[in-house]
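Note sheet for the following structure.
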Amino acid sequence: MKDFFKRKGWRICFAAYIFIYLPWFSTLEKVINSDYPGLHIINIPFDDMIPFCEYFIIPYVLWFLYVVAACIYMYFKADNKEFLQFALSLVIGMSLALTICMIYPNGLTLRPDYIPDNFCGKIINALYTIDTSTNVFPSIHVYNSLAVNFALLRCKALKGHIITKTLSSVLCVLICLATVFLKQHSVVDVIGAIILYIVLYIFIYVIDYSRFKKA
């Protein structure tokens, strides 16, 4: 057991990023609000065509469990390279997303005037109270979902686990859809997150840096 943690103990260091991310995000939420001068409203007419659906709060909330569960699984089951790539994709991606919000203050005017008075509606009201409609581009919800899903799809420990990979992919898609059906994000935020992930995927997963050492 001692050797086990000795081999994987360094991985826990990445968890310390939460103590950087949360204060950073909280500060942005307080500083860049709906009254912030020069705030860029980024929703587009297409967003108005997407109906509000309170039931999407279920996959939206499951995002938190999805990310945490994936982090725990990758900690114990992924090999060193897989875990490092996964951790870097989360840390770099979230950091870049917050940096973009600092450079390009952004927000939305999409939230509906009426929310159904049911169980899902009550959760949404609580969400709207906690999470503002600013600092939304690119969507961290979407970015992290993509980072988690593709890390799990690539993980050798899940080779042959078709059901698990399928469920992960389905949940990933539902979470991405939830961001726009709950009016938490614009399609612009979703596209921005997808582009950000593609760029980082190339740098983290595709490029073979070992050949530069040989050169």
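These numbers come from a predicted model, not from an experiment. We count residues from 1, following the sequence as given.
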Are side-chain heavy atoms of [X] and [Y] found at a separation under 4.5 Å?
X: Phe14; Y: Leu88; value: yes
X: Asp189; Y: Ser186; value: yes
X: Val187; Y: Ile50; value: yes
X: Thr132; Y: Asn33; value: no
X: Gln184; Y: Tyr128; value: yes
X: Leu28; Y: Phe25; value: no

Between [atom1] on residue [X] and [atom2] on residue [Y], distance to nearest 0.5 Å:
X: Tyr55; Y: Ile124; atom1: OH; atom2: CD1; answer: 10.0 Å
X: Trp24; Y: Cys101; atom1: CH2; atom2: SG; answer: 9.5 Å
X: Ile92; Y: Ile204; atom1: CD1; atom2: CD1; answer: 4.5 Å
X: Arg154; Y: Glu82; atom1: CZ; atom2: CD; answer: 8.0 Å

If Ile, Leu, Val, Met, Phe, Trp and Tyr residues are connected whenever their side-chain heavy atoms lie under 4.5 Å apart, and connections chain through other members, are Ile130 and Val67 in the same group?
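No; Val67 is not reachable from Ile130 via cluster members.
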Applying side chain to side chain donor-acceptor pair (under 3.5 Å) to Ser89 and Tyr197, what does each step give before you reach the verdict?
CA-CA 8 Å; Ser89 69; Tyr197 182 72; 5.8 Å; no
Around Leu22, counting heavy atoms of other residues, nucleotides and ligands shown, do more than 12 lie under 6.0 Å from its CG?
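Yes, enclosed.
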Is the OH atom of Tyr104 crowded by more than 12 outside heavy atoms at less than 6.0 Å?
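Yes, OH of Tyr104 has more than 12 neighbouring heavy atoms, counting only those of other groups under 6.0 Å.
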